[in-house]
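For reference, the structure discussed in these notes is given below.
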Amino acid sequence: MIDDSLSETFLLEKDVCYSEDVQTGVSYYYSKLDAITEGFSVNIKHGNDNKIYFGKSCTILKSRALIAGNGNTVIFGPYCDLNNLDIRIKGNNNTIIIGAFTSIGSAKLIAIGGKSINISPFCMFSTGIIVDTSDHHSIYDLDTGLKINIDADVNLNEKVWIGRNVVINKGTMIGANTVIAQGSICTGSIDSNSIYAGVPARQLKSNITWSRMPANSIEEMESSARNARWEEKVANLKSYLALNSMNK
């Protein structure tokens with residue numbers, strides 16, 4: 001199991017320097033080690049005490065965040081490679097976390113109602129993906145008069161592959177090592193080590209894993225030079241975080 005602390009422990013105080021944009025009321029916490037944020041803009045419609053964290057060596061290109069509310073948090077984990085990301089946050093105390101080594105081609109992440117989007121380490125997003133904690137409009141039960149489509153958190157466990165033009169709805173939980181085929185709409189609980197596809201997404205195959213590398217077998221993938229470089233980078237990050245934790 002991959003250590004999901006990779007998405008959290010880089011927030012050690014020794015890891016970041018602090019700056020506050022007085023005009024927008026956003027606090028930025030940058031890693032000391034080479035975070036790249038070219039073309040990343042933040043627009044605060046209103047609110048205070050909003051925080052954005054940039055992890056060690058993360059890259060965020062041609063992206064934006066629109067925030068309306070107080071006490072919201074966005075976390076970009078170490079070694080993220082994020083492109084064309086559109087973050088929308090409305091209300092108070094919402095959280096968006098993108099874990100270490102996750103890559104995104106293009107996506108819209110929408111957090112509303114004090115909810116969270118938690119994307120664990122090592123995930124891979126294609127393009128045109130939407131992740132949303134809300135339906136944005138209300139549906140009521142006629143007998144009780146109460147709202148039935150309640151906003152809910154979205155959680156992706158480690159190493160999830162999301163195909164092109166997938167929609168991930170409120171309350172979705174996707175298990176580790178799972179693949180979601182392009183054009184699928186995800187709701188509810190989705191099993192680990194599986195392939196899902198369709199509207200709504202249904203399990204097509206279980207007992208699988210996947211790799212970014214075009215190898216013909218797990219053995220070939222694990223013995224490749226590319227995998228060795230990948231494992232070395234992960235090990236170095238874990239060592240770096242452990243050392244900073246001890247020195248804190």
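No experiment lies behind these values; they were computed from the predicted model shown.
The side-chain heavy atoms of D86 and R88, taken from C-beta on, include a pair separated by under 4.5 Å. Between K45 and I67 there is no side-chain heavy-atom pair separated by less than 4.5 Å. Looking only at side-chain heavy atoms (C-beta outward), I87 and I96 come within less than 4.5 Å of each other. For the pair T172/N155, no side-chain contact is recorded, criterion being any heavy-atom separation below 4.5 Å from C-beta on. Side-chain contact between V160 and C123 is present, with heavy atoms from C-beta onward closer than 4.5 Å. Two residues are said to be in side-chain contact when any heavy atoms from C-beta on lie closer than 4.5 Å; C186 and V167 fail this criterion. Side-chain atoms of T59 and Y79, non-hydrogen and from C-beta on, never get closer than 4.5 Å to each other. Residues D153 and I117 fail the side-chain proximity criterion, which asks for heavy atoms closer than 4.5 Å.
No path of Ile, Leu, Val, Met, Phe, Trp and Tyr side chains, each step under 4.5 Å between heavy atoms, connects I110 with I168, placing them in separate hydrophobic clusters. Using a 4.5 Å cut-off between side-chain heavy atoms of Ile, Leu, Val, Met, Phe, Trp and Tyr, with links allowed through other members, V179 and I104 fall into different hydrophobic clusters.
In this structure, the side chain of S192 does not engage the main chain of G175 through any donor-acceptor pair within 3.5 Å. Under the 3.5 Å distance criterion, the side-chain polar atoms of W210 are matched with a main-chain donor or acceptor of K159. Side-chain atoms of S194 never come within 3.5 Å of backbone atoms of T178 as a donor-acceptor pair (strictly under, hydrogens ignored). When atom types are taken as modelled, the side chain of S211 and the backbone of M213 share a donor-acceptor pair closer than 3.5 angstrom.
Here the straight-line distance linking atom CG of N50 with atom CG of N93 works out to 9.5 Å at 0.5 Å rounding. Note: T209 OG1 to M221 CE = 7.0 Å, rounded to the nearest 0.5 Å. Note that the CG atom of L146 and the OG atom of S138 stand 11.5 Å from one another [nearest 0.5 Å]. Taken to the nearest 0.5 Å, the CZ atom of R212 stands 12.0 Å off from the CG atom of N227. Between atom CG of residue D191 and atom CD of residue Q203 there is a gap of 5.0 Å, rounded to the nearest 0.5 Å.
Among all heavy-atom pairs drawn from A100 and L237, the shortest one is CB-CD2, 4.4 Å. The two atoms that bring L82 and S63 nearest to each other are O-OG, 4.3 Å, heavy atoms only. What you find for G77 and C58 is that their closest heavy atoms are O-CB, 3.4 Å. Of all heavy-atom pairs spanning N72 and N92, the tightest one is OD1-C, 3.6 Å. In terms of heavy atoms, S120 sits closest to N157 at CB-C, 3.4 Å. Across A197 and A181, no two heavy atoms sit closer than the pair CB-CB, 3.5 Å.
Other residues, nucleotides and ligands contribute at most 12 non-hydrogen atoms within 6.0 Å of the CG atom of N207. More than 12 heavy atoms of other residues, nucleotides or ligands lie within 6.0 Å of CD1 in I139, so this atom counts as buried by the packing criterion. Crowding of K90 atom NZ: a count of heavy atoms from other residues, nucleotides or ligands under 6.0 Å not exceeding 12.
By the side-chain hydrogen bond (donor to acceptor under 3.5 Å, both in side chains) test, Q182 pairs with R164, sequence neighbours left out.
For W161 and F125, the gap between ring centers reaches or exceeds 6.0 Å. For F40 and F76, the ring centers are positioned less than 6.0 Å apart.
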Exercise. Stepwise, does the salt bridge (Lys or Arg N to Asp or Glu O under 4.0 Å) test hold for D135 with K170?
Worked result: CA-CA 7 Å; D135 291 336; K170 62 177 174 54; 3.6 Å; yes
